[in-house]
Number of protein chains: 2
Amino acid sequence: MIRVAVVDDQELVRSGFVVLLGTSPDIEVVGEAGDGEEAWGLCRRTTPDVVLMDVRMPRMDGLEATRRIMADPRCARTHVLILTTFDEDELVHDALRAGASGFLLKDTRPARLLDAIAVVAAGDALLAPSVTRRLIEQFAALPSRPMPPTADGLTDREREVLVAVSRGSSNQEIADSLHMGYGTVKTHVSHLLTKLECRDRAQLVMYAYESGLLIPGSS
Amino acid sequence: MIRVAVVDDQELVRSGFVVLLGTSPDIEVVGEAGDGEEAWGLCRRTTPDVVLMDVRMPRMDGLEATRRIMADPRCARTHVLILTTFDEDELVHDALRAGASGFLLKDTRPARLLDAIAVVAAGDALLAPSVTRRLIEQFAALPSRPMPPTADGLTDREREVLVAVSRGSSNQEIADSLHMGYGTVKTHVSHLLTKLECRDRAQLVMYAYESGLLIPGSS
DNA sequence: TACCTCCTCTGTCTGCAGATAGAAGCGGAT
DNA sequence: ATCCGCTTCTATCTGCAGACAGAGGAGGTA
């Protein structure tokens, strides 16, 4: 049995969902809320498996409510499924960053919504097809990791040193962490400078990021 | 009527799909192929709306075939739906980059597969729930553009110097390009090092990228 | 065996980097 | 009118960075 909470500021929409969910034998509606504040409180009390969350609501919107729910240890097993009328990139991004497990439009077919609830309850995720398409486009446009892991003429050891340099380590620190002599580090660094046509380690750091060897955030 | 091509190197799997697709009144199977080479040729001849594409195949794999199909102007209206047994990040990334509109696992329920074909034929996209989850996680981990344009306690001038440093410029070069004295640059750099708690300019470069002040590729 | 590449280490030397302290003009805020 | 923060500049000093040259050991290949 999947325990579901329904959050929407419009009474009519809410009851529509409740009726729909009632047609599924696997789903139990454990509560309703009319704004983000109520939703947060409801989740803390009832710890549902899935929250059907509207975005535009008075007092506190669905995104902020999602953030709070995801940050609350008492709601650890709760997954949020965003349901909105508006299909905007900005909204999708914010929702996913807030920790939502799904993003569907309100014109989704009923059968698909029930399906989505099962998917989200299982810990997986699911997006509206149009959203998926745009997400993929953006994803494909990102610098690809495997392509330019710049297989330059660098040796393995040199690559290790380059990464260390790019983390801001001094030569002595690199020597310690990589278990080699101080002078050896300088040799490797010199080779890097020559091969990559850089003048100093600051340029090496730039190179590491621009080439895709290092990705911001992926430390 | 949605025109579909089925590509898989295993005869049995292929015929299974054909039978399944035959149960839908909206779908017409226009051809089959046993490897990437054949698939490419098939698509050029028959221009299907959707290609069900296996990945692991002899001669040419599904990813390379997808790349060629997407690059071929004669296949402009063709969408590729990847169907594989293996749920690996690397594979998903490559597939999406190759231009696939969908990525499903072979354990997908039949009804969902038929649904997916309709979605893909309509120009939208769709991923297996487990894939969606991981894609979202990775997406949410990306540095959000509007958030960290790091409005630290830096002055405008300091920010300019930081950018210059992060491009690998020496103090003298910065002095020239920003029209200030050599010593002034050093003053600003020192303030940057103090404020951002960095030890040297290499760490400043790393900071600039990790904070989102600089984005790889966006020079 | 000889050859080559990679990794290792040892030196010396030049120079920029960075710390630190002080000073002055300028603009906004009180 | 005064104070404060930003920007600008000067000056001295320590130290790591990087250039350059040389050399030995480990491993793979012809």
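Throughout, protein chains are lettered first and strands after them, A, B, ... in sequence-line order, and every chain is numbered starting at 1.
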Sub-3.5 Å donor-acceptor pair from the side chain of Arg3(B) to the main-chain atoms of Thr46(B), do we have one? yes

Enclosure of Arg56(A) CZ (heavy-atom neighbours >12, cutoff 6.0 Å): no

Show me the protein contacts with nucleotides 26-28 of chain D, counting only N or O atoms at under 3.5 Å.
none

Expressed as a whole number of angstroms, how long is the span from Glu158(B):CD to dT8(D):C1'? 13 Å

With respect to the phosphate group of dC9(D), does any side-chain polar atom (N or O) of Thr184(B) fall under 4.0 Å of OP1 or OP2? yes

With each end axis built from five pairs of C1' atoms, what bend angle do you get for the helix from dT1(C)-dA30(D) to dT30(C)-dA1(D)? Round to 10°. 40°

So Gly183(B), base contact, sugar-phosphate only, or nothing? Heavy-atom distance under 4.0 Å. base

Could you state the atom-to-atom distance from CG of Leu178(A) to C1' of dC6(C) in whole Å? 15 Å

DNA chain C: 5'-proximal contact among Lys195(A) and Val185(A) (nearest heavy atom): Lys195(A)

Any sub-3.5 Å donor-acceptor pair from Arg201(B)'s side-chain atoms to Ser169(B)'s backbone N or O? yes

Roughly how many Å is it from CG in Leu154(A) to P in dT5(C), rounded to a whole number? 16 Å

Counterpart residues, salt bridge (charged side-chain N to carboxylate O under 4.0 Å, His left out), relative to Arg199(A) (two or more places apart): Glu173(B)

Contacts under 3.5 angstrom, residues 119-129 of chain B side chains, donor-acceptor by atom type, not counting sequence neighbours:
{"from": "Asp124(B)", "atom 1": "OD1", "to": "Arg133(A)", "atom 2": "NE", "distance (Å)": "3.3"}

CD/Glu38(A) to CZ/Arg59(A) distance, rounded to the nearest 0.5 angstrom? 6.0 Å

Starting from P on dC7(C), measure out to CZ on Arg157(A) and report it in whole angstrom. 8 Å

Table please: side-chain donor-acceptor pairs of residues 103-110 of chain B below 3.5 Å, with sequence neighbours left out.
{"from": "Lys106(B)", "atom 1": "NZ", "to": "Asp8(B)", "atom 2": "OD2", "distance (Å)": "2.9"}
{"from": "Lys106(B)", "atom 1": "NZ", "to": "Asp54(B)", "atom 2": "OD1", "distance (Å)": "3.3"}
{"from": "Thr108(B)", "atom 1": "OG1", "to": "Leu105(B)", "atom 2": "O", "distance (Å)": "2.5"}

Rounded to the nearest 0.5 Å, what separates atom CG in Asp61(A) from atom CE in Met53(A)? 9.0 Å

Rounded distance in Å - CG (Leu162(A)) to P (dC7(C)): 13 Å

Rounded to whole Å, NE2 of His188(A) lies from P of dA17(D) at a distance of 15 Å

Nearest 0.5 angstrom please: Met206(A) CE to Asp200(A) CG, how far? 9.5 Å

What does the B/S/- profile of nucleotides 13-30 of chain C look like, 5' to 3', with a 4.0 Å heavy-atom cutoff to protein? ----BBS-----------

Has the side chain of Ser101(B) got a donor or acceptor atom that lies under 3.5 Å from a matching backbone atom of Leu81(B)? no

Flag, side chain of Arg159(B) to backbone of Leu154(B), donor-acceptor distance under 3.5 Å: yes

